[in-house]
Amino acid sequence: VQLQASGGGLVQPGGSLRLSCAASGSIGSVGNMGWYRQAPGKQRELVALIGSGGNNNYSGDSVKGRFTISRDNAKNTVYLQMNSLQPEDTAVYHCWVNVKEWGRLSYTAYWGQGTLVTVSS
């Protein structure tokens with residue numbers, strides 16, 4: 001299973017970005033999906049999670065009301081819409097996907113390669 005993340009870049013404070021992460025490979029079913037981020041010198045932080053049915057969402061306190069997680073099950077893709085970005089949102093964002101591969105009985109967590117988001121004027 002491979003995860004391909006995209007959508008990072010440089011944006012001014014108050015701006016928006018949309019991250020995407022598509023899973024491909026021997027996928028039987030996809031469970032929870034989510035995004036983590038890690039800023040320089042800081043611990044990895046959970047940003048948002050979304051359940052397999054598109055509900056049971058979770059957003060971290062630092063992004064609540066500004067970031068929205070969604071998914072397209074037909075495309076095995078998770079999105080993170082980020083609005084009102086602030087300099088403290090600068091980090092490498094990693095997608096995380098729980099996948100049950102064909103022929104397997106349990107789910108395995110996979111991580112994307114990370115996409116850099118820089119918020120600066």
Side-chain angles (χ1 to χ4, degrees):
V1 175
Q2 298 82 37
L3 302 185
Q4 181 64 49
S6 61
L10 174 64
V11 64
Q12 291 186 341
S16 297
L17 283 175
R18 188 192 195 206
L19 305 183
S20 300
C21 177
S24 61
S26 179
I27 297 173
S29 64
V30 178
N32 294 339
M33 308 175 86
W35 292 92
Y36 286 76
R37 69 184 181 185
Q38 187 162 21
K42 294 188 177 182
Q43 289 187 331
R44 186 174 60 190
E45 174 189 12
L46 172 61
V47 177
L49 289 176
I50 185 167
S52 57
N55 50 16
N56 294 325
N57 297 355
Y58 166 85
S59 293
D61 289 340
S62 62
V63 305
K64 202 162 291 185
R66 300 187 298 123
F67 291 11
T68 302
I69 189 170
S70 61
R71 63 191 285 167
D72 184 334
N73 287 339
K75 297 180 180 179
N76 291 329
T77 299
V78 60
Y79 305 97
L80 186 67
Q81 178 66 44
M82 305 184 293
N83 298 330
S84 302
L85 283 161
Q86 300 302 318
E88 53 266 33
D89 295 316
T90 296
V92 176
Y93 285 71
H94 297 269
C95 59
W96 169 88
V97 178
N98 243 1
V99 173
K100 186 160 69 175
E101 298 173 65
W102 287 111
R104 299 286 181 94
L105 298 178
S106 59
Y107 284 84
T108 302
Y110 288 91
W111 290 87
Q113 81 279 12
T115 183
L116 177 62
V117 172
T118 303
V119 185
S120 175
S121 55

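Along the sequence shown, the residues carry numbers beginning at 1.
When the side chains of ILVMFWY residues are joined at heavy-atom separations under 4.5 Å, either directly or via intervening members, Leu3 and Trp35 end up in a single hydrophobic cluster. Hydrophobic clustering (side-chain heavy atoms under 4.5 Å, transitive across Ile, Leu, Val, Met, Phe, Trp, Tyr) groups Val1 together with Val30. Grouping the Ile, Leu, Val, Met, Phe, Trp and Tyr side chains by contacts below 4.5 angstrom, directly or via other members, places Met82 apart from Leu49. Put simply, Phe67 and Val11 are part of the same group of oily side chains (I, L, V, M, F, W, Y) that touch within less than 4.5 Å, one to the next. In terms of hydrophobic clustering, with Ile, Leu, Val, Met, Phe, Trp and Tyr side chains grouped at heavy-atom distances under 4.5 Å, Trp111 and Val117 are assigned to different clusters.
Contact of the Val92 side chain with the Tyr36 side chain is not registered, since no non-hydrogen atoms from C-beta on lie closer than 4.5 Å. The closest side-chain heavy-atom distance from Cys95 to Met33 is not below 4.5 Å. A heavy-atom distance below 4.5 Å is not found between the side chains of Ser20 and Lys75. At least one side-chain heavy atom of Arg66 sits less than 4.5 Å from a side-chain heavy atom of Asp89. In this structure, Asn32 and Trp96 have side chains that are in contact, with non-hydrogen atoms separated by less than 4.5 Å.
No donor-acceptor pair closer than 3.5 Å links the side chain of Glu101 to the backbone N or O of Val99. Under a 3.5 Å cut-off, the side chain of Thr90 and the backbone N or O of Val119 do form a donor-acceptor pair. Side chain of Arg71 to backbone of Gly51: a donor-acceptor contact under 3.5 angstrom is found. Panel note: side chain Asn73, backbone Gly53; no donor-acceptor pair is recorded below 3.5 Å.
For the atom pair OG (Ser59) and CD1 (Ile69), the distance works out to 7.0 Å, reported to the nearest 0.5 Å. Remark: Gln2 CD to Ile27 CD1 distance equals 8.0 Å, nearest 0.5 Å. Atom CG in Asn98 sits 10.0 Å away from atom OH in Tyr110 (nearest 0.5 Å). Between the CZ atom in Arg37 and the CD atom in Glu45 there is a gap of 4.0 Å [rounded to 0.5 Å].
For the pair Gln86 and Gly14, the tightest heavy-atom approach, listed with the atom from each and the gap, is NE2-N, 4.1 Å. Residues Lys42 and Gln38 approach most closely at O-NE2, 3.1 Å, considering heavy atoms. The shortest heavy-atom contact between Asn83 and Ser16 is OD1-OG, 2.9 Å. In terms of heavy-atom proximity, Val47 sits nearest to Val63 at O-CG2, 3.7 Å. Annotation for Pro13 and Ser120: closest pair CD-C, 3.6 Å, computed over non-hydrogen atoms. Pairing each heavy atom of Ala5 with each of Gln113, the nearest pair is O-NE2, 3.3 Å.
No side-chain donor-acceptor contact under 3.5 Å links Tyr79 and Thr68.
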message: I'd like to know whether Ser6 forms a side chain to side chain contact (heavy atoms under 4.5 Å, CB included) with Thr115, so could you lay out the CA-CA distance, the side-chain angles of the two residues, the decisive distance to 0.1 Å, and finally the verdict.
response: CA-CA 6 Å; Ser6 61; Thr115 183; over 6 Å; no

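The number of heavy-atom neighbours closer than 6.0 Å to NZ of Lys64, taken from other residues, nucleotides and ligands shown, is above 12.
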